[in-house]
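Atoms considered below: every heavy atom in the structure, side chains included; atoms not considered: hydrogens, waters and symmetry mates. Reminder, nothing fancy here: chain letters follow the sequence lines and each chain counts from 1.
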Number of protein chains: 2
Amino acid sequence: MDSAAARERALDAAEELFYGRGVQSVGMDDVRSTSGVSLKRLYQLFPSKELLVEAYLERRDTRWREQLAAHVDRHEDPRRRVLAVFDRLEEWFAEPDFRGCAWINAHGELGATSPRVAARVRAHKQAFHAYLARLVADAGLPDTLAGQLYLLAEGAMVTAGITRATEPAARAREAAGLLLRAV
Amino acid sequence: MDSAAARERALDAAEELFYGRGVQSVGMDDVRSTSGVSLKRLYQLFPSKELLVEAYLERRDTRWREQLAAHVDRHEDPRRRVLAVFDRLEEWFAEPDFRGCAWINAHGELGATSPRVAARVRAHKQAFHAYLARLVADAGLPDTLAGQLYLLAEGAMVTAGITRATEPAARAREAAGLLLRAV
DNA sequence: AACTCGGGAGAACGACCGTTCTCCATGGTC
DNA sequence: GACCATGGAGAACGGTCGTTCTCCCGAGTT
């Protein structure tokens, strides 16, 4: 197993464990036994647990935004593309191992103690906000709408994480539809 | 110092520390030294750390909802009362030691490992949702609106916690105003 | 004055965890 | 075959933390 493969396996295990059980309740030994990557190799690839957490959040950020964009790109109509964001949320919430937003959870867990993790969470949220702002602008809608839709999406994520229901996505989408018509 | 006073002091320290630095990075010894309540007494009052966390969340829940209701009760107009929720959020976000929503943070930290804490978070959110639903009903507005306003409020709380800005409250309030007019 | 008892200070215990180290096997290279 | 680098398994180390225990003090009681 070469270095790149070991890295992927380690990140796969880290994502599964950190996302599923929280960062602090998962030990490096759990990552080792789940990934099959030895502790020695793990520490060569990621010199500390905090760096592994960062790498996990980074890879997940890329993938999450790719999946969102892929979903939005199924549509051409600019307003429909805005609403497609909420369709994607609903799909995400319905995944069997959905446990809320990884970044919101990580911020609750580590935001107060790890500035690096906190910064990565802010970067992810900012990127999502910027993407939403672009969709809104492409639809010729006013800038202020983006911030409002962003809050609806965040509210849906938190609520879905706490209640384990998909329904917040649909409610957020309704509200988004009303806001689109109101402005 | 009698038992009731020790309990209050312990909860004061627990709230300050758990809310400010997160539950897991605060030891029982920190609670002891901050509160001045000895470890022995602490364990008499709260037989485990988890029970102390629950008691902290419970007392904070009561106070938080009281403060919200007090703010709303400054107004008589039913629609104004609904919007006053967002005024209260803004006031809260501006407090100097604001670190986001205590329940969202606790859920991110302990939701996956402590069913008791997770249940308490759900109870708090449900109570907030029910309060909002009552304000909406009292204003003669449709039920569906309550869920939408709830998501805006939750989105504002998460975002304010992550960015440390008060502005999400104002944006949520704008969106809420539009939704009130739209239905 | 002796006794009791709740409580304080802090040591002690046991478990866990992030990180490093030891020892050994393996496979490529000369 | 000798040598070396690489990496695996897992022990070891140092620190932290939740929880309990020991020892002692002081106040109230008889």
Side-chain angles (χ1 to χ4, degrees), chain A residues 1-57 105-106 108-117 120, chain B residues 1-57 105-106 109-118 120:
Chain A
M1 178 162 52
D2 70 354
S3 208
R7 195 185 152 86
E8 285 306 296
R9 282 206 201 185
L11 286 174
D12 289 344
E15 179 158 9
E16 175 189 334
L17 295 170
F18 290 159
Y19 179 67
R21 289 163 33 194
V23 172
Q24 311 213 61
S25 78
V26 170
M28 291 298 276
D29 223 63
D30 296 324
V31 177
R32 181 186 66 107
S33 55
T34 301
S35 66
V37 175
S38 74
L39 233 33
K40 198 180 211 171
R41 198 92 99 99
L42 226 36
Y43 275 92
Q44 280 171 5
L45 294 163
F46 310 97
S48 75
K49 187 183 181 181
E50 189 178 26
L51 291 171
L52 176 58
V53 173
E54 281 193 72
Y56 141 63
L57 291 176
N105 291 344
E109 211 177 340
L110 305 168
T113 51
S114 167
R116 300 177 64 94
V117 168
R120 218 162 261 279
Chain B
M1 176 159 58
D2 70 354
S3 208
R7 194 186 153 85
E8 285 306 296
R9 283 206 199 185
L11 286 174
D12 289 345
E15 180 158 8
E16 175 189 335
L17 294 170
F18 290 158
Y19 179 65
R21 290 165 29 197
V23 172
Q24 311 214 61
S25 77
V26 170
M28 291 298 276
D29 222 64
D30 296 323
V31 177
R32 181 189 66 104
S33 56
T34 301
S35 66
V37 175
S38 74
L39 233 33
K40 197 182 214 171
R41 198 91 99 99
L42 226 36
Y43 275 93
Q44 281 171 6
L45 294 164
F46 310 98
S48 75
K49 187 182 182 183
E50 188 178 27
L51 290 171
L52 176 58
V53 173
E54 280 194 73
Y56 142 62
L57 290 177
N105 291 345
E109 211 177 340
L110 305 168
T113 50
S114 168
R116 300 176 64 94
V117 168
R120 219 163 259 279

Legend entry - Candidate nucleotides D/dT19, C/dT19, C/dG7, ranked by approach to the side chain of A/Leu39 - the nearest: C/dT19
Legend entry - Minimum heavy-atom distance between B/Thr34 and B/Ala13, given as atom pair plus value: CG2-CB, 3.7 Å
Inset, instruction - Using modelled atom types only, decide if a donor and an acceptor are shared between the side chain of B/Ser33 and the backbone of B/Asp30 within a distance under 3.5 Å. - result: yes
Legend entry - Side-chain (B/Ser25) to main-chain (B/Arg21) donor-acceptor, under 3.5 angstrom: yes
Legend entry - Minimum-distance nucleotide to B/Tyr43 side chain [options: C/dT19, C/dA9, D/dG18]: D/dG18
Legend entry - Euclidean distance, atom CG of residue A/Leu110 to atom P of C/dG18 [Å, nearest integer]: 12 Å
Legend entry - For atom CE of B/Met28 and atom P of C/dA12, their distance in whole Å: 21 Å
Legend entry - Whole-Å distance separating the CG atom of A/Asp2 from the P atom of D/dG7: 10 Å
Inset, instruction - Look only at the side chain of B/Glu109 and the backbone of B/Val23, and say whether a donor-acceptor pair between them is shorter than 3.5 Å. - result: yes
Inset, instruction - With the side chain of B/Gln44 defined as its heavy atoms from C-beta on, choose the nearest nucleotide among D/dG8, C/dG7, D/dT20. - result: C/dG7
Legend entry - Between P of D/dG18 and CD of B/Glu50, the distance in whole Å: 12 Å
Inset, instruction - Of all the heavy-atom pairs spanning B/Arg120 and B/Leu57, show the shortest one and how long it is. - result: CD-CB, 4.1 Å
Inset, instruction - Tell me what A/Val37 touches on the nucleic acid: a base, only sugar-phosphate, or nothing, going by heavy atoms under 4.0 Å. - result: nothing
Legend entry - Whole-Å distance separating the CZ atom of B/Arg32 from the C1' atom of C/dA11: 11 Å
Inset, instruction - Report the residue (A/Asp30 or A/Pro47) whose heavy-atom-nearest nucleotide on DNA chain C is the more 5′ of the two. - result: A/Asp30
Legend entry - Between P of C/dG18 and CG of A/Asp29, the distance in whole Å: 9 Å
Inset, instruction - Look at the side chain of B/Lys49 against the base of D/dG18 and say whether a donor-acceptor pair falls under 3.5 Å; ignore hydrogens and angles. - result: no
Inset, instruction - Among the candidates C/dG7, D/dG8, C/dT19, find the nucleotide nearest to the side-chain atoms of A/Ser48. - result: C/dT19
Inset, instruction - Would you mind reading off the distance between B/Arg41 atom CZ and D/dT20 atom P, rounded to a whole angstrom? - result: 18 Å
Inset, instruction - Calculate the interatomic distance between A/Leu17 atom CG and C/dC17 atom P; express it in whole Å. - result: 12 Å
Legend entry - Residue closer to the 5' end of DNA chain C, A/Gln24 versus A/Lys40 (nearest nucleotide): A/Gln24
